[in-house]
Amino acid sequence: MIWSRSLVPTLRENPRQAENLSHRILLRAGFVRPLGSGLYNLLPFGLRVTQKITQIIREEMNRIGGQEMFLSALSPRSLWDKSGRWDAYGDDMFRLRDRKAQDMALCPTHEEIVALIASKELRSYKELPQIWYQFQTKFRDEPRPRGGVLRTRQFTMKDSYSFDLDYEGLDRSFNLHHEAYSRAFTRMGHRFFVVEASGGLMGTGESAEFMVEASSGEDTSFVCPGCEYRANAEVAQGKPIPAPTLEAKREKIHTPGLKTVEEVAGFLDVKPSQLVKSLLYMRGGKPLLVLLRGDYELSEEKLKRTFGEDIVPATDEDARRYMGASLGFLGPQGIEVATYADKSLEGSDIYAVGANEDDYHIVGISLSGEANIREYLDLRRVRAGDICPKCDAVLTEKNTIELGHIFKLGTKYSEAIGARVVDEKGADRAIVMGSYGIGIERSMAALVDQYYADERMAWPVTVAPYEVEVISLGEAEVSSKIYDELSEIGVEAALDDRDVTPGVKFADADLVGIPYRIVVGPRGLKQGKVDIKNVATGEIITVRKEDAATKVRELLTKEKKDVGSS
RNA sequence: CGGGGAGUAGCGUAGUCCGGUUUAACGCGCCUGCUUUGGGAGCAGGAGAUCGGGGGUUCGAAUCCCCCCUCCCCGACCA
């Protein structure tokens with residue numbers, strides 16, 4: 001790569017719209033350019049990094065027997081009607097109409113497509129298991145794209161799908177993906193960890209996410225410092241922080257207009273943890289009351305997983321009809337409504353609650369005495385400070401970027417689309433599926449978060465846009481000779497031959513992050529020598545100019561081996 | 001969708017509150033020439049803007065009023 005003839009549009013200043021680190025650096029280094037909200041163009045350097053990421057994943061997918069395909073990004077509505085996702089996807093799906101007025105979707109994912117292929121092409125259990133994968137542009141009309149390339153409306157995904165006869169087979173395919181992902185992310189240089197996760201729109205099977213800690217991360221993970229427990233905030237469990245027991249006689253108190261936990265607790269002079277939040281929901285036309293300790297938040301995700309997707313918050317009218325009071329003054333006593341409590345309330349019995357009468361609360365009520373609780377469930381969102389569910393350490397909260405997600409689907413899509421095979425007894429069975437995804441551009445951004453330090457980037461050698469950059473300080477002849485030698489021995493080199501001052505070249509090199517640097521300048525050449533710098537460590541070695549190329553290759557070979565084995 | 005912020009030359013900004021001395025300014029970048037070259041060079045000259053769009057008020061609008069669009073951040077939402 002000859003710099004003077006290439007497009008590497010670095011920026012001297014921070015672009016106004018870029019607030020988070022990885023976005024700012026990718027922009028300034030000339031890797032990406034925005035096109036619209038959640039839309040990006042990958043420029044040459046950005047493309048090279050994503051191609052290397054892609055190739056690593058491809059190798060690891062092939063290693064577990066994955067077969068690469070390339071599926072259509074455009075698909076007819078009928079397929080999505082079969083799975084119910086034409087409706088379920090809502091506004092997140094890009095839809096369009098063809099010239100014959102047929103509804104089409106720009107695929108946000110490809111379960112339906114692969115299930116269709118399976119339904120047409122797979123007949124017998126003897127053809128299983130199969131793993132199919134692809135690198136594809138996905139389209140999702142996200143409500144709020146953010147973080148540059150971290151969450152976009154069009155992005156590249158490695159998605160794969162496994163097809164097994166039974167759930168034991170699915171476990172094997174799932175584990176194979178777990179291994180492939182671990183190897184792939186390790187080779188890319190990610191310092192990742194794996195968390196328990198939830199499936200969201202995909203379904204309800206077991207799933208795990210591969211996370212990287214990052215300041216700009218938009219996911220929250222809880223990590224136990226004492227054991228191996230790691231979970232996405234959506235599913236994380238924890239033992240509540242113990243709350244002091246409320247010492248109070250039962251008393252009804254006038255609390256006009258006070259609805260929030262802070263207002264009520266402050267007025268009643270109790271701790272938020274001594275208050276019960278009574279949250280009314282409606283499911284299938286029937287009311288359902290959820291009780292929660294005042295200092296915790298409900299997890300909508302857990303609520304839906306426990307009671308079903310159709311559960312919705314009650315309106316004020318619902319509250320009046322079933323509870324006899326407005327939202328904000330509800331309590332668990334003296335009512336007929338089905339009541340469930342979060343486990344955070346188990347630690348104590350006496351609490352302050354809404355009186356089920358507008359503008360009144362009751363202090364000192366006994367849940368065991370007056371509330372008809374059907375079951376104690378895990379319904380709250382865990383907080384930093386909660387106790388690990390598996391040991392006694394205190395959980396810590398981390399901002400994370402989700403690199404990949406592996407997910408046990410089961411037969412949801414194979415049933416819907418009719419992907420079936422006969423088993424060894426000749427009986428017809430729905431194929432058991434799994435689905436697995438890695439966001440490619442996001443993986444690049446996450447690496448910036450991990451490897452940008454001290455005002456400079458240093459990509460891991462396995463994914464760097466180029467392996468070594470030759471900086472010519474007015475020494476065109478020697479520089480291009482070294483560059484040619486590097487190219488000949490198979491090292492990916494960039495030659496900065498521009499007619500600009502040294503400062504500009506060094507500044508751009510710091511942004512672009514090529515991990516090795518050969519500086520060819522008059523100072524060293526007096527002794528016939530050049531400098532080789534390892535950008536990440538800052539270590540500089542001086543070698544004879546004739547030896548520069550082979551020395552760099554040697555360093556690279558060693559480092560690549562280290563990355564692969566770590 | 002709720003809340004906040006921002007659109008002025010390729011980029012970063014000032015000017016906007018309080019309309020007119022601004023032919024819309026400054027830095028960087030860009031072009032030409034000379035000098036310079038181990039961390040974002042110096043001098044001289046030059047090009048580049050219908051001030052996000054539309055409408056209105058006014059003798060006069062980047063500046064005031066109305067409508068619209070776009071982008072960013074927080075939240076809701078989200079394989």
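Order of the sequence lines fixes the chain letters, A, B, ..., with proteins taken first and strands second; residue numbering starts at 1 for each chain.
Across the interface with RNA chain B, nearest-nucleotide mapping of A/P15 and A/V520 shows A/P15 to be the residue nearer the 5′ end. When each of A/E300 and A/L11 is assigned the nucleotide of RNA chain B bearing its nearest heavy atom, the one mapping closer to the 5' terminus is A/L11.
Between A/E297 and A/R381, none of the side-chain N atoms (NZ, or NE/NH1/NH2) sits under 4.0 Å from a carboxylate O, so this pair counts as no salt bridge. Taking the charged nitrogens against the carboxylate oxygens, A/E469 and A/K533 have no contact shorter than 4.0 Å, which rules out a salt bridge. Remark: A/E546 engages A/R544 in a salt bridge, criterion side-chain N to carboxylate O under 4.0 Å. Using a 4.0 Å cut-off between charged side-chain N and carboxylate O, A/R95 and A/D103 make no salt bridge.
Residue contacts shown for A/G521 include a base, since a base heavy atom lies under 4.0 Å away. If you check every strand for non-hydrogen atoms under 4.0 Å, A/R153 touches nothing. Residue A/D508 is classed as a base contact, given a heavy-atom separation below 4.0 Å to a base. Within 4.0 Å (heavy atoms only), A/P108 reaches at least one base atom of the nucleic acid. Within the nucleic acid shown, A/P522 comes within 4.0 Å of at least one base atom, counting heavy atoms only. Within 4.0 Å (heavy atoms only), A/D531 reaches at least one base atom of the nucleic acid.
Across B/G19 and B/G60, the matching C1' atoms stand 8 Å from one another, rounded to whole Å. Only the C1' atoms considered, B/G45 is 39 Å distant from B/C17, to the nearest whole Å. Look at the C1' atom in both B/C18 and B/G12: the space between them is 27 Å, to the nearest Å. Comparing the same atom, P, in B/A25 and in B/G20 gives a spacing of 15 Å after rounding to whole Å. Here the separation of B/U63 from B/A24, taken at their C1' atoms, is 12 Å to the nearest Å. The separation of B/G42 from B/U37, taken at their P atoms, amounts to 14 Å, rounded to a whole angstrom. To the nearest whole angstrom, the two P atoms, one in B/C30 and one in B/G7, are 26 Å apart. Separating the P atom of B/U36 from that of B/G52 is a span of 44 Å, rounded to the nearest Å.
Atoms CD (A/E209) and P (B/A79) sit 10 Å apart, rounded to a whole Å. Rounded to a whole Å, the CZ atom of A/R24 is 18 Å from the P atom of B/C11. Nucleotide B/C78 holds its C1' atom 11 Å from the NZ atom of A/K304, rounded to whole Å. Atom-to-atom, CG of A/L150 to P of B/A79 comes out at 17 Å; the value is rounded to the nearest Å. When the P atom of B/C78 is taken as reference, atom NE2 of A/H405 falls 14 Å away, rounded to whole Å. Atom CD of A/E112 and atom C1' of B/A79 are 12 Å apart (whole Å). If you measure from atom CG of A/L27 to atom C1' of B/G12, you get 13 Å, rounded to the nearest angstrom. Atom-to-atom, CD of A/E218 to P of B/C78 comes out at 13 Å; the value is rounded to the nearest Å.
Phosphate proximity of B/U70 to A/S37: absent, as no side-chain N or O sits under 4.0 Å from OP1 or OP2. Note on A/T501: a side-chain N or O is less than 4.0 Å away from OP1 or OP2 of B/A41. Not one side-chain nitrogen or oxygen of A/R12 sits closer than 4.0 Å to the OP1 or OP2 atom of B/G12. Within the 4.0 Å cut-off from OP1 or OP2 of B/G39, not a single side-chain nitrogen or oxygen of A/R517 is found.
In this structure, CD1 in A/I131 is found 10.0 Å from CZ in A/F163, a value given to the nearest 0.5 Å. Here the OG atom belonging to A/S216 is positioned 4.5 Å from the CD1 atom belonging to A/I401, to the nearest 0.5 angstrom.
For B/G20, the paired nucleotide is B/C59, the pair qualifying as Watson-Crick or G-U wobble because both relevant distances are below 3.5 Å. Pairing for B/C1 goes to B/G75, judged as Watson-Crick or G-U wobble with the two contacts each under 3.5 Å. B/U32 is paired with B/A44 under the Watson-Crick or G-U wobble criterion, all donor-acceptor distances under 3.5 Å. B/G12 is paired with B/C26 under the criterion used here, namely a Watson-Crick or G-U wobble arrangement in which both key atom distances are under 3.5 Å. For B/U50, there is no paired base (Watson-Crick or G-U wobble, both distances below 3.5 Å).
Side-chain to base pairing of A/R151 with B/C78: one donor and one acceptor N or O lie within less than 3.5 Å of each other. For B/G12, the base has no donor-acceptor partner in the side chain of A/N14 [N/O atoms by modelled type, under 3.5 angstrom]. For A/R498 against B/G40, no side-chain N or O and base N or O form a donor-acceptor pair under 3.5 Å. Evaluation of atom-type donor-acceptor distances gives a pair under 3.5 Å for the side chain of A/E13 against the base of B/G27.
Checked options A/E111, A/E112, A/R85; the residue passing with A/Y413 is A/R85 (criterion: side chain to side chain donor-acceptor pair (under 3.5 Å)).
Residues A/F31 and A/W459 share a closest heavy-atom pair of CE2-CZ2, 3.5 Å. Closest approach of A/L447 and A/M188 over heavy atoms only: CD2-O, 3.5 Å.
Distances from the side chain of A/F506 to the nucleotides B/G38, B/G40, B/C72 place B/G38 closest. Here the side chain of A/R16 is nearest to one of B/G39, B/U8, B/G38, namely B/U8.
Shown for residues 138-148 of chain A: residues whose heavy atoms fall under 4.0 angstrom of RNA chain B, namely A/K138, A/R140, A/P143, A/R144, A/P145, A/R146, A/G147.
A distance below 6.0 Å separates the ring centres of A/Y466 and A/F45. Taking the six-membered ring for Trp and the full ring otherwise, the centers of A/H177 and A/Y161 sit at least 6.0 Å from each other.
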